[in-house]
Amino acid sequence: MSEATEETADAYKAYGAAFGDTYEKEYGAAYAEDSYHDDSYDDEARADEARADEPRGDEPRGDEARGEGPFAGPAFDDTFDDGDLLPPPLQYRFDGPEEAPVLVLGPALGTTWHMWDRQLPVLSGAWRVLRYELPGHGGAPADPASSVDDLARRLLAVLDDEGIDTFGYAGCGLGAAVGARLALLRPDRVAALALVSAAARYATADTWRQRGVVVRASGLDNTARATPERWFTGAFRATQPAITDWAVQMVRTTDTACYVAACEALAAFDIRDALGSITVPTLVVAGADDTETPPADARLLVAGIPDARLAVVPATGHLAPVEEPAAVGDLLARHFESAWAERAPASAPFAPAPPAVPPRVPAPPAARPAPDAYQEGMRIRRELTGDAEVEAALARAEGFGGGFDAFATRYAWGEIWSRPGLDRRTRSLVTLTALTALGHLGDLADHTRAALRNGVAPAEIEEVLLHTAVYCGLPAARAALDAARAVIQEETGQGAR
């Protein structure tokens, strides 16, 4: 058993001890014995199994059972790449009777499926509960997901493989974002939805990119230590030290690349303009003292989603299912019971699956108008240098210099940086070299910040400057190193190393 598995098992035991019962203690022991977790599972074998087309056992599963591809239907045509229909599998488990309707529980960033342990007693009696791990979390395969839609696609592949057409969905944080996208993309399959500690847009894109920069540069230790303050109220942290330690361990054992990819996915997530298209019965649950997704975010969701209902849990932080397990479990049970009762005929235990959709030949994609170069440039500029830096530059350029700033945004950021010939990471390395050679230290500072957001590590920036010193001179490279060091210290809290 790996060191990460031992640490995670100890954390789960502590979680159970804090609640004063044996459920999580036994779960932690089972985890340590690999009853619920197998960190030696071969990734390639797992991928081969998930990609197999043949039915398992006596009954067909997935595509063969329904007569359709996992993303058939018009809702997916503009979102997913039809050439990539075999996403990496998600790790998942079931609890509850096999004949019961399926309820999917989605985890928050940095957590594992065990964040829902305390809801199982109230949910698994009437529901077949499916919990899944985010990539690289809880010992799951480290296959980073590039977007929230990528996670939704992987989950649909799991459901297809299990022959599940219609399901309820509850998610927290990032898990809630996955549920919202599923409700938008496949409302025919989502019977009811619960969004816990959720938002139509989580903070700002720059907030998540900045967190990704810090984690990429420094790892997850500092982020893990800061997690309890973001997740729980002060009173809860003071009275539940074991759960606080569990939260730190859970984040610390997450795969760094998968965590950074999830930050990028949340940076790009924004459904504010699409809320009116969510038509499934929706419950929004917020912690009254949640500072990550405050109740104002929940009210925005309820205002935009037709007939959505709001429940605010008093004196509760971001990870409401852990801090107030009984209240959240009761809210979910009542919501899904009533939603399924309204959906299903009186004689049926749950709603029947929708009829199979025949294969459809997609129409040739319509030509899309070219994006406005200035708007595209401003979007890329904000993504790479940060909102604060852009706002400061715009303020400096008010009046005299405004035309030049617009020209640079349109020409450099909107036309050159958006070209497909080189990826952004390579363009950052080229740009740092050129600015070092010419001694443009102010611009070099901006592009050091951009390089960090493009996934270039501080050590790689130092290598670029070392290489540049050979061909452009030591004085120029030394000055560039000083300028880059200041930015790296500001962005990551460390010097180049």
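A quick note: this is a predicted structure, and the numbers were derived from the prediction, not measured. Starting from 1, each residue takes its place in the sequence as its number.
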* Pairing residues for Arg237 by the salt bridge (Lys or Arg N to Asp or Glu O under 4.0 Å) criterion, not counting sequence neighbours -> none
* Could you tell me whether the side chain of Leu394 reaches within less than 4.5 Å of the side chain of Met378, counting heavy atoms only? => yes
* Residue pair Val214 / Asn222, side-chain heavy-atom distance below 4.5 Å -> no
* Asked: Near Glu415 CD, under 6.0 Å, is it more than 12 heavy atoms from other residues, nucleotides or ligands?
  -> yes
* Do you know which two heavy atoms are closest between Gly212 and Val260, and how far apart they sit? -> O-CG2, 3.8 Å
* Structure fact -> Note: Leu184 and Ser277 closest approach over all heavy atoms is CD2-CB, 3.7 Å
* Sequence neighbours left out, what passes side-chain contact (heavy atoms from CB on, under 4.5 Å) with Ala176? Give chain and number order. => Leu195, Ala198, Tyr202
* Asked: Any Lys/Arg nitrogen of Arg425 or Glu460 sitting under 4.0 Å from an Asp/Glu carboxylate oxygen of the other?
  -> yes
* Asked: Looking only at heavy atoms, what is the nearest atom pair of Gly386 and Asp206, with distance?
  -> CA-OD1, 3.2 Å
* To do: List for me each residue that meets side-chain contact (heavy atoms from CB on, under 4.5 Å) alongside Glu383, sequence neighbours excluded, and say none if there are none.
  => Arg209, Arg379, Arg424
* To do: Without swapping roles, check the side chain of Asp161 against the backbone of Ala157 for a donor-acceptor pair under 3.5 Å.
  => no
* Structure fact -> dist Leu429:CG -> Leu422:CG (nearest 0.5 Å) comes out at 10.5 Å
* To do: In plain terms, say whether Glu292 and Arg211 are close enough for a salt bridge, that is, a side-chain N and a carboxylate O under 4.0 Å apart.
  => yes
* Minimum-distance pair of heavy atoms, taken over all atoms of Cys258 and Pro135 -> CB-O, 3.2 Å
* If only atom types and distance count, is the side chain of Thr253 paired as donor or acceptor with the main-chain N or O of Gln249 below 3.5 Å? -> yes
N/O donor to acceptor pairs below 3.5 angstrom from side-chain atoms of residues 435-446, sequence neighbours left out:
from	atom 1	to	atom 2	distance (Å)
Thr436	OG1	Leu432	O	2.8

* Is any side-chain N of the basic residue among Arg201 and Asp297 closer than 4.0 Å to the acidic one's carboxylate O? -> no
* Asked: Counting distance only, does the side-chain N/O of Gln210 pair as donor-acceptor with the main-chain N or O of Glu491 below 3.5 Å?
  -> yes
* To do: Kindly indicate, with the supporting measurements, whether the criterion side-chain contact (heavy atoms from CB on, under 4.5 Å) is fulfilled by Val178 and Asp149.
  => CA-CA 7 Å; Val178 173; Asp149 281 8; over 6 Å; no
* Can you tell if the side chain of Asp143 reaches within under 4.5 Å of the side chain of Arg154, non-hydrogen atoms only? -> yes
* Starting from the C-alpha separation in whole Å, work towards a yes-or-no answer on side-chain hydrogen bond (donor to acceptor under 3.5 Å, both in side chains) for Ser428 and His447. => CA-CA 7 Å; Ser428 281; His447 280 278; 5.8 Å; no
* Does a side-chain heavy-atom distance below 4.5 Å link Phe232 with Ile243? -> yes
* Kindly state each residue pair satisfying side-chain hydrogen bond (donor to acceptor under 3.5 Å, both in side chains) with at least one member in residues 401-412, sequence neighbours excluded. => Arg381-Asp405, Arg381-Thr409
* **Side-chain (Thr385) to main-chain (Arg382) donor-acceptor, under 3.5 angstrom** => no
* Hey, could you give me the CG/OG1 distance between Leu134 and Thr111, rounded to the nearest 0.5 Å? => 6.5 Å
* Report yes if the side chains of Pro141 and Gln91 come closer than 4.5 Å at any heavy-atom pair, otherwise no. => yes
* To do: Mark yes when over 12 heavy atoms from residues, nucleotides or ligands other than Asp273 sit less than 6.0 Å from its CG; otherwise mark no.
  => no
* side-chain contact (heavy atoms from CB on, under 4.5 Å) evaluation trace for Trp413 with Leu384 -> CA-CA 10 Å; Trp413 295 106; Leu384 299 189; 3.8 Å; yes
* Salt-bridge criterion met for Arg449 and Glu490 (N-O under 4.0 Å) -> yes
* Start with the C-alpha distance between Thr426 and Asp423, add both sets of side-chain angles, then the distance that settles side-chain hydrogen bond (donor to acceptor under 3.5 Å, both in side chains), and finish with yes or no. => CA-CA 6 Å; Thr426 302; Asp423 59 57; 2.9 Å; yes
* To do: Go through the steps to decide whether Glu323 and Thr233 satisfy the test side-chain hydrogen bond (donor to acceptor under 3.5 Å, both in side chains), and finish with yes or no.
  => CA-CA 9 Å; Glu323 188 161 353; Thr233 60; 2.6 Å; yes
* Side-chain donor/acceptor of Ser418 to backbone N/O of Ile416, under 3.5 Å -> no
* Asked: Hey, what do you get for SG (Cys172) to CD (Gln119), rounding to the nearest 0.5 Å?
  -> 9.5 Å
* Which atom of Gly110 lies closest to which atom of Thr254, heavy atoms considered -> O-OG1, 4.1 Å
* Asked: Looking at residues at least two apart in the chain, or sitting in another chain, which of them share a side-chain hydrogen bond (donor to acceptor under 3.5 Å, both in side chains) with Arg427?
  -> none
* Asked: Which value, rounded to the nearest 0.5 Å, describes the distance between Trp208 atom CH2 and Phe269 atom CZ?
  -> 11.5 Å
* To do: Determine, stepwise, if the pair Leu159 / Leu130 fulfils side-chain contact (heavy atoms from CB on, under 4.5 Å).
  => CA-CA 9 Å; Leu159 295 166; Leu130 186 157; 4.0 Å; yes
* To do: Step by step, work out the side-chain contact (heavy atoms from CB on, under 4.5 Å) result for Leu331 and Leu283.
  => CA-CA 9 Å; Leu331 286 167; Leu283 170 69; 4.3 Å; yes
* Any Arg252 side-chain heavy atom under 4.5 Å of Arg225 side chain -> yes
* Evaluate the side-chain proximity of Met250 to His137: yes if any heavy-atom separation is below 4.5 Å, no if none is. => no
* Arg181 side chain near Leu185 side chain, heavy-atom distance below 4.5 Å -> yes
* **Nearest atoms (heavy-atom pairs only) where Ala298 meets Ala286** => CB-CB, 3.7 Å
* How are the rings of Tyr132 and Tyr169 set to each other: parallel, tilted or perpendicular (split at 30° and 60°)? -> tilted
* **Rounded distance [0.5 Å steps], CZ in Arg478 versus CG in Asp482** => 8.5 Å
* Could you give the distance from CH2 (Trp116) to CZ (Arg131), rounded to the nearest 0.5 Å? -> 10.5 Å
